[in-house]
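The figures here come from the full heavy-atom set of this structure, side chains too, leaving out hydrogens, waters and symmetry mates. Heads up: numbering here begins at 1 and tracks the sequence.
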Amino acid sequence: MITARHLRTTLTALLLLFVASFAGLARAQDSGQALRETEKSTFRVIVLLYDSNDNYMGAVTGTAFMVAPGKAVTNHHVVGGIPGARYREVYLIAHRDIGGKPTRVNVEREWDDADLALLDTGGLEAPPLQIAAVSPGKDQTVHALGYPGITDRILNLSQEEVLKPSEPTVTSGAISLFSSKGPGGAAVDTIFHTAAINPGNSGGPLVDACGRVIGVNTWQGAATVSNNAISVPNGQFIATRSSMLLRFLNGAYVTADIAEEACEPPLDPRIVALIEQQKAQLAEAQTEKAAQAEAARQARADAAQTRTLAIGAAALVVIVAIAGLIISRLRTSPGHTPPPQNPTSSGPAPSSPAPDGSPPEPPRGADPPSGGAAAMRQAAPAAGEDWAKGEGRPLPLILAGVAVVALLLAGLVWVLTRDKPAAEPDRQILATGSDYVVVCRLDPAQSLNAPGGAESMTFTFDAKGGCANGRTPYEKSEKGFTRATVSDKAASAARLELSPDLTRFKRSDYALTTADYDAMRSDRERIGKLSCPETGSEPGAKLTRQLADTRRLAAGYLTGQPSSVTAWTCSPVVAPKVEAK
């Protein structure tokens with residue numbers, strides 16, 4: 001039963017065909033322009049064969065492609081004829097965009113071992129194809145172009161229709177093996193791939209995602225083995241590698257357009273637009289974050305200044321209060337003498353002595369003092385005596401209270417304006433539950449012995465379920481997403497690490513001894529197959545346990561320095577939502 005998840009995964013994969021093909025992690029693809037240009041330089045080959053009596057014996061069909069102005073290449077077995085044929089006539093039929101009738105061409109040079117033949121195209125012109133000097137990685141999609149006869153039969157084309165300009169078929173696949181031997185053990189550099197070819201494709205180009213020739217399609221695996229009375233299913237196809245083609249052209253003094261750099265095809269414009277949109281959003285967010293940081297810095301500076309002023313004011317009040325208390329204590333000390341009475345003060349003036357020396361008379365209306373001078377001293381209290389009796393004590397209490405209040409206010413200001421501890425940053429900045437298209441480019445500075453063909457890749461990722469391309473689960477933690485894997489073909493294993501924001505991806509490969517490799521594969525098989533959860537769902541208990549067991553297993557084998565480290569810088573963009581119908 002087809003579920004909504006299956007339909008959503010299928011539709012998402014179709015959306016990404018312009019930028020990705022998947023083999024583990026998918027490689028970025030050309031937008032299609034390079035492949036369309038390659039088609040224009042691919043020809044149909046028809047070889048007419050005649051016997052010694054000039055009787056027509058039959059025809060052989062194949063494919064050729066332009067390698068230099070006026071020069072094309074096909075297979076030797078296409079133009080080599082059949083037993084009993086005395087001579088041949090070789091014709092090329094161009095792509096329909098170039099047009100024209102079949103053009104007779106000459107065979108200039110042949111190399112039987114590598115199954116190559118050089119054709120002089122005469123007046124037939126088409127753009128020469130670039131020939132790649134650097135082979136792509138096994139994870140990159142390749143395309144086979146040609147004119148298979150089975151297509152003509154399926155379409156029930158007449159002979160006249162076959163001879164008309166048309167366009168080649170294109171099939172896609174992956175590289176499965178680079179070999180230094182061809183079928184039968186000949187010392188010929190070959191590429192085993194899965195881009196389907198059939199009789200009629202022979203001599204056609206095998207191209208990378210940039211439309212550059214990486215091989216010449218030559219053999220169909222099933223047919224090759226079946227000739228030895230062994231019948232096998234089809235699915236393995238073989239091309240003569242571009243290194244042999246360049247050697248062949250050099251021997252013929254043909255100057256080809258050689259691509260020295262690894263293929264980095266342009267991204268689909270829609271993906272580029274999404275990346276640019278998210279870059280703009282990121283720049284805006286960074287600007288806003290910087291403004292918030294500046295506002296926070298200014299607030300901290302203002303708070304620090306407020307704290308300084310509050311503490312300084314409190315200190316000043318405390319100093320004044322202490323000074324007041326000290327002064328009040330000095331005034332109440334026993335050795336303190338009150339100031340003399342001001343003679344101009346109000347009250348009755350003292351009487352002057354009489355001229356005859358008799359005591360002065362008391363003022364009129366005043367009562368004479370009783371007890372003399374001693375009584376008068378007892379009647380007048382000493383200065384400061386009211387403090388000793390407690391009548392002046394409110395002043396020190398007020399000063400002390402003011403100091404305490406000032407200190408409390410300063411403490412309150414400090415509490416309110418102190419620096420708050422910074423909040424823990426959110427490690428997962430992605431919208432969990434969303435599917436992302438992750439476009440990655442190789443980071444040479446962070447890589448070590450990175451394999452060829454690892455320059456770029458594209459894959460989808462479910463951030464909530466921790467699943468790549470809808471089929472490869474990763475263990476999720478605060479540090480990001482991790483996965484350990486053991487190779488099916490070589491004695492090696494790898495650890496894959498993806499940052500929580502999907503901007504950094506790293507693969508570390510470790511070479512294993514035969515014993516460790518066998519033991520790790522056996523232990524890994526016991527853990528069981530890992531399957532992704534439903535899109536947008538958290539991993540279940542079983543998958544969580546399996547991923548943890550795989551991580552613990554890898555920890556015992558992936559030790560020491562890795563033999564190679566491949567690091568990429570990535571740009572995640574939210575995948576367009578695809579609704580299930």
Side-chain angles (χ1 to χ4, degrees), residues 37-50 54 56-82 85-133 144-147 162-168 188 200-207 211-218 239-259:
E37 292 300 322
T38 303
E39 292 183 23
K40 296 178 182 179
S41 300
T42 305
F43 313 118
R44 186 195 293 269
V45 179
I46 297 181
V47 182
L48 305 180
L49 301 172
Y50 299 88
D54 294 336
Y56 173 69
M57 299 179 60
V60 176
T61 63
T63 305
F65 59 95
M66 194 72 82
V67 293
K71 305 296 179 182
V73 163
T74 187
N75 282 152
H76 165 70
H77 77 259
V78 171
V79 299
I82 57 176
R86 188 177 67 87
Y87 70 92
R88 65 198 173 189
E89 293 178 356
V90 181
Y91 294 87
L92 294 183
I93 301 175
H95 187 277
R96 65 184 180 185
D97 287 352
I98 296 177
K101 61 182 181 180
T103 302
R104 186 171 178 177
V105 299
N106 296 320
V107 179
E108 285 194 351
R109 185 182 179 90
E110 298 176 71
W111 187 5
D112 189 9
D113 289 342
D115 201 1
L116 297 174
L118 180 66
L119 307 178
D120 183 354
T121 63
L124 185 60
E125 297 294 337
L129 298 182
Q130 270 196 324
I131 301 175
L145 288 79
Y147 293 87
V162 170
L163 296 177
K164 289 181 180 180
S166 58
E167 64 180 50
V188 178
N201 276 104
S202 294
L206 181 69
V207 301
R212 307 177 315 180
V213 178
I214 61 173
V216 182
N217 286 312
T218 306
T240 300
R241 200 167 173 180
S242 59
S243 57
M244 304 299 291
L245 174 59
L246 290 174
R247 194 184 310 172
F248 176 59
L249 296 177
N250 288 335
Y253 302 100
V254 174
T255 302
D257 183 7
I258 301 175

Compare all side-chain heavy atoms of V73 with those of L249 and state whether any distance is below 4.5 angstrom. yes
How long is the straight-line distance from CG of L124 back to OG1 of T103, given to the nearest 0.5 Å? 4.5 Å
Counting only heavy atoms not in Y253, do more than 12 sit closer than 6.0 Å to its OH atom? no
Do H95 and T42 touch side chain to side chain, with heavy atoms closer than 4.5 Å? no
R109 to A252 - nearest heavy-atom pair and separation: CD-CB, 3.5 Å
Checking L116, L118, V188 against W111 for side-chain contact (heavy atoms from CB on, under 4.5 Å), the one that qualifies is L116
Are Y147 and V45 close enough, and set up right, to give a side chain to side chain contact (heavy atoms under 4.5 Å, CB included), and what steps lead you there? CA-CA 8 Å; Y147 293 87; V45 179; over 6 Å; no
Taking the side chain as C-beta and beyond, is there a heavy-atom pair between M66 and P127 under 4.5 Å? no
Taking all non-hydrogen atoms of both residues, which atom of H76 and which atom of D112 are closest, and how far apart? CD2-OD1, 3.2 Å
Stepwise side chain to side chain contact (heavy atoms under 4.5 Å, CB included) test for I98 and E125: CA-CA 8 Å; I98 296 177; E125 297 294 337; over 6 Å; no
Flag the pair F248 / V254 as yes when at least one side-chain heavy-atom distance between them is below 4.5 Å, and no otherwise. no
A side-chain contact here means heavy atoms from C-beta on lying under 4.5 Å apart; do L49 and V60 qualify? yes
Could you tell me if the side chain of L129 sits less than 4.5 Å from the side chain of S41, heavy atoms only? yes
E39/L145 under side chain to side chain contact (heavy atoms under 4.5 Å, CB included): CA gap, chis, key distance, verdict: CA-CA 7 Å; E39 292 183 23; L145 288 79; 3.7 Å; yes
Which is it for I93 and I46 under the side chain to side chain contact (heavy atoms under 4.5 Å, CB included) test, yes or no, and what are the steps along the way? CA-CA 8 Å; I93 301 175; I46 297 181; 3.7 Å; yes
Evaluate the side-chain proximity of V105 to D120: yes if any heavy-atom separation is below 4.5 Å, no if none is. no
Is any side-chain heavy atom of F65 closer than 4.5 Å to a side-chain heavy atom of V213? yes
